[in-house]
Amino acid sequence: MKIATWNVNSLKVRLPHVLQWLGENPVDVLCIQETKLTDDKFPLAEIKEAGYDAVFTGQKTYNGVAILSRHPITDVVRNNPRFADEQQRIIAATIEGMRIVCAYVPNGQTVESDKYAYKLAWLASLRDWLEEEMRSHAQFALLGDYNIAPDDRDVHDPVAWAGQVLCSDPERAALQALCELGLCDSFRLFEQAEKSFSWWDYRQLAFRRNCGLRIDHILLSAALARRCTACAIDRVPRKWEQPSDHAPVVATLA
DNA sequence: ATGGCAAAATGTTTTTGA
């Protein structure tokens, strides 16, 4: 069983990338962020053709999330019921006995901005909701674009990024609060190469220079962590023509 | 000098992302 997450930065533009990647990496579940598509525009037929069902919730221009699965999808919940929000950033579903939550955490823009305050409030409410959800779902996974680099080793230039959005202490504390619910960062269950990142700026040849951040994560409950045998970032599609700025992250479960 | 690149709507320019 493989579960994955990928911020595609427009599913309209990136549908060929997603279909090619799934062809080469037939994961069981793929959580997608930043579809930037209203639900009437979601390419369900093409995805079904590739052997996947999908559930999704989107909006025009911004945000939008989806879960693709080779297995039946049940008990779909869109958004955090505790957090009234126009922005479509969360979709949850049960697949093969696992509760899967796909999240696109707000970016925050800068630590001074209202968007940063929104990000922290959004994360606090997510934590409260998941605390309740995890009581009834032992096999629990939170996958997505967290827009948080958990540690300095997840940052290409920790000095330049110190205190900045995506790396600030309050954001890292909010991520830690999620972990304290009993979730662990599947990537760090295993030995990994230094300077492993999941996002690289489009500018300044950042990918070629490996100037990136690790901000896309798969957090697993103890029951799923026990089943996890690998977690890896797939840099290959970041090298393709017209790529997303994010790379997929894949966790393997026994 | 706070730039660059990419996507999408607000569209030959602006807003946002990370």
Undergrad: Taking only the C1' atom of each, what is the distance from B:dT10 to B:dT16 in whole angstrom?
TA: 12 Å
Undergrad: Find the distance between CZ (A:Phe83) and CH2 (A:Trp122) and round it off to the nearest 0.5 Å.
TA: 8.5 Å
Undergrad: What's A:Tyr146 touching, base or sugar-phosphate or nothing? Going by heavy atoms closer than 4.0 Å.
TA: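 Here A:Tyr146 touches no strand at all.
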Undergrad: Are a donor atom and an acceptor atom from the side chains of A:Asn107 and A:Tyr118 found within less than 3.5 Å of each other?
TA: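 Absent: no donor and acceptor within the cut-off.
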Undergrad: Take A:Gln87 and A:Ser10, find for each the nucleotide of DNA chain B with the closest heavy atom, and name the residue whose nucleotide sits nearer the 5' end.
TA: A:Ser10
Undergrad: In this structure, are over 12 heavy atoms from other groups packed under 6.0 Å from A:Glu86 atom CD?
TA: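 Atom CD in A:Glu86 is not packed in, count stays at 12 or less.
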Undergrad: Can you check whether A:Lys195's main-chain N or O pairs, donor with acceptor, with A:Arg214's side chain at less than 3.5 Å?
TA: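 Not at all, since once roles are kept as given, no pair shorter than 3.5 Å links the two residues.
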Undergrad: Could you work out, with ring pair (Phe, Tyr, Trp, His ring centres under 6.0 Å) as the rule, every residue matching A:Tyr146, not counting sequence neighbours?
TA: A:His217
Undergrad: Classify A:Lys119 by what it touches in the nucleic acid, base, sugar-phosphate, or nothing, heavy-atom distance under 4.0 Å.
TA: nothing
Undergrad: Within the distance-only criterion (no hydrogens, no angle test), does the side chain of A:Asn210 pair as donor or acceptor with the backbone N or O of A:Phe207 below 3.5 angstrom?
TA: no
Undergrad: Could you tell me whether A:Asp216 contacts a base, only the sugar-phosphate backbone, or nothing, with contacts defined as non-hydrogen atoms closer than 4.0 Å?
TA: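 Since no nucleic acid heavy atom lies under 4.0 Å of A:Asp216, the category is nothing.
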Undergrad: Of the residues in residues 162-176 of chain A, which ones touch DNA chain B at a heavy-atom distance under 4.0 Å?
TA: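 Those residues whose heavy atoms fall under 4.0 Å from DNA chain B, taken from residues 162-176 of chain A in numerical order, are A:Leu166.
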Undergrad: Can you tell if the side chain of A:Phe42 reaches within under 4.5 Å of the side chain of A:Ile47, non-hydrogen atoms only?
TA: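 Yes, close enough: below the 4.5 Å cut-off.
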Undergrad: Compare all side-chain heavy atoms of A:Val8 with those of A:Lys36 and state whether any distance is below 4.5 angstrom.
TA: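 Of all side-chain heavy-atom pairs linking A:Lys36 with A:Val8, none is under 4.5 Å.
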Undergrad: For B:dT2 versus B:dT12, give the span between their C1' atoms, rounded off to a whole number of Å.
TA: 25 Å
Undergrad: Can you list, in residue-number order, the parts of residues 148-159 of chain A that come under 4.0 Å of DNA chain B, counting heavy atoms only?
TA: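 Output list: empty, so none.
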Undergrad: With no hydrogens and no angle check, is any side-chain donor or acceptor of A:Asn147 less than 3.5 Å from a backbone partner on A:Val105?
TA: yes
Undergrad: Write down the distance separating the P atoms in B:dG11 and B:dA1, rounded off to the nearest Å.
TA: 30 Å
Undergrad: Just distance, no hydrogens or angles: give the donor-acceptor pairs under 3.5 Å from side chains in residues 25-34 of chain A, sequence neighbours left out.
TA:
from    : atom 1 : to       : atom 2 : distance (Å)
A:Asn25 : ND2    : A:Trp21  : O      : 3.0
A:Asp28 : OD1    : A:His71  : NE2    : 2.6
A:Asp28 : OD2    : A:Lys2   : N      : 2.8
A:Gln33 : OE1    : A:Thr5   : OG1    : 3.4
A:Gln33 : OE1    : A:Asn7   : N      : 3.3
A:Gln33 : NE2    : A:Thr5   : OG1    : 2.9
A:Glu34 : OE1    : A:Asn7   : ND2    : 3.1
A:Glu34 : OE1    : A:Tyr104 : OH     : 3.3
A:Glu34 : OE2    : A:Tyr104 : OH     : 3.4

Undergrad: With A:Tyr116, which residues qualify under ring pair (Phe, Tyr, Trp, His ring centres under 6.0 Å), at least two apart?
TA: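 In terms of ring pair (Phe, Tyr, Trp, His ring centres under 6.0 Å), with neighbours along the sequence ignored, A:Tyr116 is linked to no residue.
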Undergrad: Would you mind telling me which residue lines up with the more 5' stretch of DNA chain B, A:Tyr202 or A:Trp161, judged by nearest nucleotide?
TA: A:Tyr202
Undergrad: What's the gap between B:dA8 and B:dA18 when it is taken at their P atoms, as a whole Å value?
TA: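 These two P atoms come out 14 Å apart once rounded.
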Undergrad: Quick one: how far along DNA chain B does chain A reach, first to last nucleotide 5' to 3', anything under 4.0 Å to a heavy atom?
TA: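 First-to-last contact on DNA chain B, by the 4.0 Å heavy-atom rule, is B:dG4 to B:dA18.
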